[in-house]
Amino acid sequence: DTGVSQNPRHKITKRGQNVTFRCDPISEHNRLYWYRQTLGQGPEFLTYFQNEAQLEKSRLLSDRFSAERPKGSFSTLEIQRTEQGDSAMYLCASSRLDWSLNNEQFFGPGTRLTVL
Amino acid sequence: GQQLNQSPQSMFIQEGEDVSMNCTSSSIFNTWLWYKQDPGEGPVLLIALYKAGELTSNGRLTAQFGITRKDSFLNISASIPSDVGIYFCAGTNDYKLSFGAGTTVTVRA
């Protein structure tokens with residue numbers, strides 16, 4: 001069983017550019033989450049999908065951020081007009097919709113974004 | 001912002017020692033999770049706890065869900081060099097995980 005995969009693993013961009021990250025969840029996991037982690041901190045919740053429906057977006061997710069999960073499988077996170085403050089590790093996680101295990105989230109390796 | 005306080009912030013271990021860390025919250029959670037993260041990687045789930053008072057083991061790891069539902073602790077017995085890393089607690093009442101800032105475990109020289 002393959003785990004959560006994320007691409008790219010690293011992205012360096014100039015301020016003002018747009019970037020897009022991809023997450024492939026564990027197959028048959030219908031819940032998918034995006035988190036952001038800065039140095040010395042734990043991950044912070046950004047948004048969550050159940051199948052293709054985006055059910056919650058954190059206040060951390062400004063207008064420049066958009067996430068999609070068009071077919072209920074992989075997801076993309078796009079950041080427009082990047083700012084230096086966007087530099088962070090972007091983590092994707094997935095879980096099953098199972099009432100006994102629905103809080104066990106499995107994380108991918110993350111995408112490290114550096115905005116110059 | 002994060003609601004969970006982890007202590008200690010960092011610790012040094014010597015191979016063979018037992019290690020303890022804990023996590024407290026101002027809010028009640030109905031699920032506690034413990035993760036380990038290595039540099040440049042994503043967090044790896046170690047233990048999940050679902051009932052207040054529950055004590056759960058995974059190999060050399062033991063974790064407890066506090067009776068008040070506002071705290072949890074993690075013990076590592078007979079530590080080995082690969083136990084170094086950052087350990088995070090996370091609490092949740094639904095789908096959103098709230099994380100602590102982590103406990104960094106380093107090998108004592």
Side-chain angles (χ1 to χ4, degrees), chain A residues 3-10 21 23 25-26 29-51 53-61 88-112 114, chain B residues 1-10 21-25 27-52 54 56 58 63 65 69 72 74 85-104 106:
Chain A
V4 178
S5 62
Q6 292 187 245
N7 288 290
R9 293 291 310 274
H10 304 274
F21 311 140
C23 170
I26 294 171
H29 277 193
N30 47 13
R31 288 185 166 181
L32 186 148
Y33 315 80
W34 286 98
Y35 291 80
R36 181 170 67 188
Q37 186 179 25
T38 53
L39 202 60
Q41 299 297 318
E44 292 180 291
F45 172 81
L46 292 179
T47 189
Y48 137 75
F49 291 84
Q50 185 164 306
N51 299 312
Q54 187 174 17
L55 297 186
E56 184 170 338
K57 291 166 53 171
S58 160
R59 287 191 301 265
L60 293 175
L61 218 61
M89 174 82 94
Y90 290 84
L91 293 162
C92 175
S94 69
S95 70
R96 291 186 304 182
L97 181 55
D98 174 319
W99 297 111
S100 66
L101 295 172
N102 65 353
N103 285 323
E104 292 189 8
Q105 296 182 22
F106 297 88
F107 283 82
T111 295
R112 168 75 64 192
T114 303
Chain B
Q2 292 171 352
Q3 309 164 271
L4 306 187
N5 294 308
Q6 284 190 247
S7 65
Q9 188 175 5
S10 62
M21 61 192 78
N22 65 49
C23 190
T24 59
S25 169
S27 305
I28 290 173
F29 290 113
N30 60 31
T31 300
W32 284 90
L33 303 164
W34 284 91
Y35 288 86
K36 178 175 182 276
Q37 187 174 28
D38 292 328
E41 299 295 329
V44 174
L45 181 63
L46 300 174
I47 290 182
L49 300 156
Y50 293 102
K51 291 183 184 176
E54 179 183 0
T56 297
N58 178 9
F65 190 144
R69 295 166 62 194
S72 177
L74 176 71
I86 305 177
Y87 291 79
F88 289 99
C89 62
T92 182
N93 291 319
D94 43 40
Y95 46 82
K96 187 185 336 183
L97 299 183
S98 295
F99 282 84
T103 292
T104 301
T106 315

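Letters A, B, ... mirror the listed sequences (proteins, then strands); counts begin at 1. This one's a predicted model, so the numbers in the text were calculated from it and none came from an experiment.
Between A/Glu104 and B/Ala48, the shortest heavy-atom contact is OE2-CB, 3.4 Å. Minimum interatomic distance between A/Asn103 and B/Leu33 (heavy atoms only, all atoms of both residues): O-CD1, 3.2 Å. Nearest approach of B/Lys96 to A/Phe45, heavy atoms of both residues: CG-CG, 3.4 Å.
Salt bridge annotation for A/Arg9-B/Glu41: present, with a cationic side-chain nitrogen under 4.0 angstrom from a carboxylate oxygen.
If you measure heavy-atom distances from B/Gln9 to chain A, you find no contacts under 4.5 Å at all. Residue B/Asn30 touches chain A through its side chain alone, counting heavy-atom pairs closer than 4.5 Å. With a 4.5 angstrom heavy-atom cutoff, A/Gln37 touches chain B only via side-chain atoms. For B/Leu45, the part lying near chain A is the side chain, with the backbone staying farther off; criterion is any non-hydrogen pair under 4.5 Å.
Classification of the B/Tyr95-A/Tyr48 ring pair by plane angle, with boundaries at 30° and 60°, yields parallel.
For B/Ser10, there are no side chain to side chain donor-acceptor pair (under 3.5 Å) partners at least two apart in sequence or on another chain.
Among the candidates B/Cys89, B/Gly40, B/Gly102, the residue making the largest number of heavy-atom pairs closer than 4.5 Å to chain A is B/Gly40.
Distance check: B/Phe99 CZ to A/Tyr35 OH gives 5.5 Å after rounding to the nearest 0.5 Å.
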